[in-house]
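Everything below concerns the one structure shown next.
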Number of protein chains: 2
Amino acid sequence: MSDTLSGAPAPAAAPDFGGWTCPLPLRDHPRVVMGHGGGGALSAELVEHLFLPAFGGGTLAALGDCAVLPVGGSRLAFSTDSFVVRPLFFPGGSIGDLAVNGTVNDLAMSGARAAYLSCGFILEEGVETEVVGRIARALGDAARAAGTEVVTGDTKVVEAGHGDGVYINTAGIGVVPPGVDIRPQRAEPGDVVIVSGEIGLHGVAIMSVREGLEFGVEIESDCAALGTLVEAMLAVTPDLHVLRDPTRGGLATALNEIAGAAGVGVVIRERAVPVPPQVANACAILGLDPMYVANEGKLVAFVPRAHADAVLAAMRAHPLGAAAAVIGECVPEHPGMVVARTAFGGTRVVDLPLGEQLPRIC
Amino acid sequence: MSDTLSGAPAPAAAPDFGGWTCPLPLRDHPRVVMGHGGGGALSAELVEHLFLPAFGGGTLAALGDCAVLPVGGSRLAFSTDSFVVRPLFFPGGSIGDLAVNGTVNDLAMSGARAAYLSCGFILEEGVETEVVGRIARALGDAARAAGTEVVTGDTKVVEAGHGDGVYINTAGIGVVPPGVDIRPQRAEPGDVVIVSGEIGLHGVAIMSVREGLEFGVEIESDCAALGTLVEAMLAVTPDLHVLRDPTRGGLATALNEIAGAAGVGVVIRERAVPVPPQVANACAILGLDPMYVANEGKLVAFVPRAHADAVLAAMRAHPLGAAAAVIGECVPEHPGMVVARTAFGGTRVVDLPLGEQLPRIC
């Protein structure tokens, strides 16, 4: 019950919140570890055994990238993300771009176009005002590029040594078009699995600047807003089953979450997954699997077979989907499990990772 | 342009955000200081000269506690706050209660009842899982008590030494009832200024535990959700002009912001402001002015004179408004300025503070 990290001893009068006791699966970790923020199995444990019981079931339990809510006759999509990426600027973007595109993309994964964003900055005392200014400018530019707007905000400052320059939270709202019902639970056997382009670029770009590694050519983050790509797909058919942007934990984590939520199996042809050579090289050197590396401008779609060719064509006609590819399908076998057919004709299970290969990727 | 606090040198390929240069009023502070987060003049400078130009005009420029937006035929209120209070638990509440009540109250200040909340945690590696659990429980309980629900969330983890246990961001949405138009710009001469109860309790409670000070009796934070109090006031008349919860910067800052936004003068009778004796004593010892100390369960209302008595009676009939009091009025003289008539018959200008007397109060 001590509260050592809060900077002060717990006061004698600290309220007793009904004698909260750590549920069993969390007891291996009496303290938070980096992996709890990695988007993998440890993150899921925290959500399932700590946050869900505390917050109550309801909409949160659906655990999509965003909540879809009835408000005044409309279906509103509502999503939030905090951004703690290190460094603040990286090839292809900054924490400001990421803070917009991450939330815009979460909304897009329900078919909603981002209408409005909120934005909360936590600044560390001593960070250069100019750094904050450049990030705010990048954030505003990214919002305009995505056709949305920051309408409400907040700024807090913490003492030097209690932050890391700039942390940003954004929340976003948008309206889900009539007839659209996109969520992980709708994946079904027969669905074709399509990825919108080359994977692994964001994670490798961050790692390359963070660790000062060079891989011959500079690798840029794929950070982008996917709203217009999703609109192009919905113009083909409103009956997309699942959309997901494979950020923390990469494509492998996104596929596992969908398989688990819908109780279906997923089979991937490993050779069909578009991994650019520079990502493959970097991953080989670093001992990473590109399937687990974060993306910030890609989506994976589960599409009914009847619409798959037309949706793929529409994606390829869009600048952000030019390298879109069918990578596999949804099957009735091995529910909850993702299996990859390797280039050598074998199969392997693609597990949910425990934590994240690279911390603070977004 | 250096990026020293981000933990890595700025990469050579850092994008150039159009050569952002620090606007003049900010040049006195090439680095962020604690006061930029205090809600006073320095905070206002950052919003006006850095965030507004970056994000663009529009709704944000209205600078209310929350934005009111047209969505699918309704008027939606949307607000966000980050919470970095230290310590995490304090007499009368915790960062979990604060994270709910702060955002619920921002929505209530536009007349909206909080319908849904988002919640983003930034955890510091090493914080006790049990501390996170107790805070999440408090947050869930506070949401239920306020009649709202956390529907979407996110968790990030940062390395030890880059946080302070737990930071929380919440955003909230709610529907503004038809016929209600409450915003700072609507203050007008003749309006009666009412405060809902005793001021200064939150700030003094935080300071007392943080500094280990004792003032005879324990002082508890007034942290509370004001949604039902506002509903009781709206039941008297939908024509409330302004509501504001005087958090960071206290009552003085709230009144200054309203006077500035509406271009009106405000006159306060100093003796009429309800300052409880334990707050007065603590402030005398610490050299603080209770008018600048943060509250987390109080509101100040600007009410047309014709409705003032009935609104005051409705407030006093509500548990959170039992000590409500008329403290002054809105006048055509000295637009943008707040003046207090002292107990000795003099007057003094109640300025906007530069920063905040107590950092990390919420």
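Below, chain A is the first sequence line, B the second, and so on; all start at residue 1.
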Let me confirm one number: the [atom1]-[atom2] distance from [X] to [Y], rounded to the nearest 0.5 Å.
| X | Y | atom1 | atom2 | answer |
| --- | --- | --- | --- | --- |
| M34(A) | L123(B) | CE | CG | 10.5 Å |
| N169(B) | I168(A) | CG | CD1 | 11.5 Å |
| I173(B) | L76(A) | CD1 | CG | 5.0 Å |
| F51(B) | R137(A) | CZ | CZ | 13.5 Å |

- Query: Going by heavy atoms in the side chains, are S82(B) and Y167(A) under 4.5 Å from each other?
  - Reply: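 Sidechains of Y167(A) and S82(B): no contact.
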
- Side chain proximity check, V132(B) to L46(A), heavy atoms < 4.5 angstrom: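 V132(B) does not reach L46(A) side chain to side chain.
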
- Task: Mind ranking G161(B), G96(B), A136(B), A115(B) by heavy-atom pairs under 4.5 Å with chain A and telling me who comes out on top?
- Result: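 The option with the most such pairs is A136(B).
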
Tell me the closest heavy-atom pair linking [X] and [Y], and the distance in Å.
| X | Y | value |
| --- | --- | --- |
| H162(B) | D164(A) | ND1-CG, 3.6 Å |
| F78(B) | Y116(A) | CE2-O, 3.9 Å |
| A67(A) | V151(B) | CB-O, 3.5 Å |
| R248(B) | D154(A) | NH2-OD1, 2.9 Å |
| F55(A) | C119(B) | CZ-SG, 4.2 Å |

Most chain B-contacting option - heavy-atom pairs closer than 4.5 Å, from [options]:
| options | value |
| --- | --- |
| D106(A), T80(A), V175(A) | T80(A) |
| S118(A), G140(A), A143(A), G120(A) | S118(A) |
| S79(A), G73(A), G212(A) | S79(A) |
| V84(A), I95(A), T170(A) | V84(A) |

- With sequence neighbours excluded, what pairs up with D81(B) under the salt bridge (Lys or Arg N to Asp or Glu O under 4.0 Å) test? K156(A)

With only heavy atoms counted, which part of [X] is less than 4.5 Å from chain A, the side chain, the backbone, both or neither?
| X | value |
| --- | --- |
| S74(B) | side chain |
| S43(B) | neither |
| V33(B) | backbone |
| E159(B) | both |

- Message: Taking salt bridge (charged side-chain N to carboxylate O under 4.0 Å, His left out) as the cut-off, I'd like each qualifying pair that reaches into residues 66-76 of chain A, sequence neighbours left out, listed once.
- Response: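 Checked against salt bridge (charged side-chain N to carboxylate O under 4.0 Å, His left out) - neighbours excluded - no pair reaches residues 66-76 of chain A.
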
- Heavy-atom count around R183(B) CZ within 6.0 Å, excluding the residue itself: above 12?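 Counting other residues, nucleotides and ligands, CZ of R183(B) exceeds 12 neighbours.
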
- Query: Where the side chain of T129(A) meets the backbone of H29(B), is there a donor-acceptor pair that is under 3.5 Å apart?
  - Reply: yes

